[in-house]
Amino acid sequence: MRVLIVDDENDVRRIAKLSLTRLGGMEVHEAENGFHCLESVAGIQPDLILLDVMMPGMDGPSTLRALREEPETAHIPVIFVTAKSQRFETDSLCRLGAAGVVAKPFDPRRLTEEILSLMPGGTVH
Amino acid sequence: MILAEFTPSARDILRAPSLNQRRLAQLLPVPADIETVALEARRSPDPEKRLLAGELLRLLALQEIERRNLEELRASSAQFRAIVENLLTALVTIDEEGRIQGLNPAAERMYGYTRAELKGRSVTLLMATDSHEKALSMLRRTLSERKGQSVEGQARRKNGQLFPVELMLFETSGPHGRLFTGNVRDLTDRKAAQRLQTDLVSIVSHELRTPLASIRGSLTLIGTGIFGEVPAEAAELVAIAERNCNRLIDLVSDLLDLERFENSEMPLEMEATALREVIQRGIEGVKGFAAQQGVTIEVGETGGSVWANGSRLVQVVVNLLSNAIKFSPPGAPVRILTVERRGSCEVRVEDKGRGIPRQFLHSIFERFGQVETSDSRVKGGTGLGLAICKSIVAKHLGQIGVESEEGLGSTFFFWIPKKSPLHPLGENEPLSEPSTHRVITQ
């Protein structure tokens, strides 16, 4: 499974990457913001995008909208990663078309399990 | 004539046929020596002259009293005027038609108008609305429904700028009819400070949580052994670092929660919520901790439905259960049950722990109000749990409290209404009067 992690925090990306590669056996790519994600996503063709919500420049929701507008990327499942984990906040993120929300700070031991359970149909592509 | 021996004004006084006229006469100038003349006349052998002199002296005494009263009134009026003129709070007085009759210097400064500019003008000049009728109806509604209470609204300065105000209206009556005075406070600075505080909490919590999360994530990954086996002593240090990191993350989360509940004007999302489910979820949340402490959780009667935010109620139940478990000796039971009342439901968490000394019964619901300052280090927890519970219960229009006997145990309880406050009120009965061992927070 190929995952693109988009987060402006280098440390968060690093920990998520180590968790998903070492414990989940996934192939992980990184982007440090929304613009970088949109530039690289076509070349990577990920099975899943883990998208931070609050990022400078282009935030998570704007990035998701841009992804949905392009036929090449419209189908890619997106899971938001956010510290804003109240129900009304997660509900509004899901209404934007996200497959789910992972609360920050996440437990690296459980990250793989968590994102797999949120994937459409609960299956790995 | 005997009267001819007195001065002309004294004659006027004595000739006045009615009390009112006499009083008017008292205001006429009286020669300085009239009292001496009258005193001498009282010693006269002529009884009529003595009588008139006595009457004159009585009137002079009355006149003196009146003069002193008038002086006091003038002094008091000047004092009152000085207070009003120097108040920091703005006062605006209008008549029944909504025309401005007066304002103090604080109001002139707040709105940017002078008294002369506003005298007789419509009060709408100072309000967010342009409609005189709307303004009048709003003020009348405030006066009939919220008389003597403060309400918040928007006001307008001379330069057109709208600004938030707190207003309290009260009625006075004057010689020209009913008048209404608005006691107005500019909330611009207070609102700005609130926004700053919210932003600050949000920024600080983000700035603290992000690095803490990275530290914890790194430690957790090292602990999994994915980079090779960690030597036992190193693993112990990693565990210590992880545990303390968790404590800091919990503290930041709790502080953020408290700020959110206490300062946010955003209401919680409420719905009819079954307490049985809330309690089940709460027990799930502490099951592991109870097993670790060797404490059993007994569940009594749990029923009833309340108007609540389920997740937040679970947070309260988890907090109360965790505390009960934390302070129970191994092998002791912790019991949870609900009591249904006419308009509310009560949740009770009973333990057989060390109990709480009476002097701490109130303070334990305050921030960091633990019985022992070392409790947060020895027993864990941030010292904010009960303060958060209190805030959450208050958001539900309920109350939280405790009954405790030192050495025997404690029962923490909270109750919240069964129905939304939009339903007719009056059904939510209060709990019994608190005994010396029972404290219900306000």
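Residue numbers begin at 1 in each chain, while the letters A, B, ... track the order of the sequences.
- In terms of heavy-atom proximity, B/Ile249 sits nearest to A/Pro105 at CG2-CG, 4.4 Å.
- B/Glu236 CD: 12 or fewer foreign heavy atoms inside a 6.0 Å radius.
- Counting non-hydrogen atoms of other residues, nucleotides and ligands closer than 6.0 Å to CZ of A/Arg14 gives a total of 12 or fewer.
- With a threshold of 4.5 angstrom between heavy atoms, B/Thr224 approaches chain A through side-chain atoms but not through N, CA, C or O.
- Heavy atoms only, all atoms of each residue included: B/Ser214 and A/Asp11 are closest at OG-CB, 3.4 Å.
- For B/Ile226 against A/Leu18, the heavy-atom pair with the smallest separation is CD1-O, 4.5 Å.
- In terms of heavy-atom pairs under 4.5 angstrom with chain A, the leader among B/Gly217, B/Ala213, B/Ser253 is B/Gly217.
- Of the atoms belonging to B/Thr210, it is side-chain heavy atoms, and not backbone ones, that fall under 4.5 Å from chain A.
- Residue A/Arg109 comes nearest to B/Thr220 through the heavy atom pair NE-CG2, 3.3 Å, listed as atom of the first residue, atom of the second, then distance.
- Atom CD of B/Glu277 has 12 or fewer heavy atoms from other residues, nucleotides or ligands within 6.0 Å.
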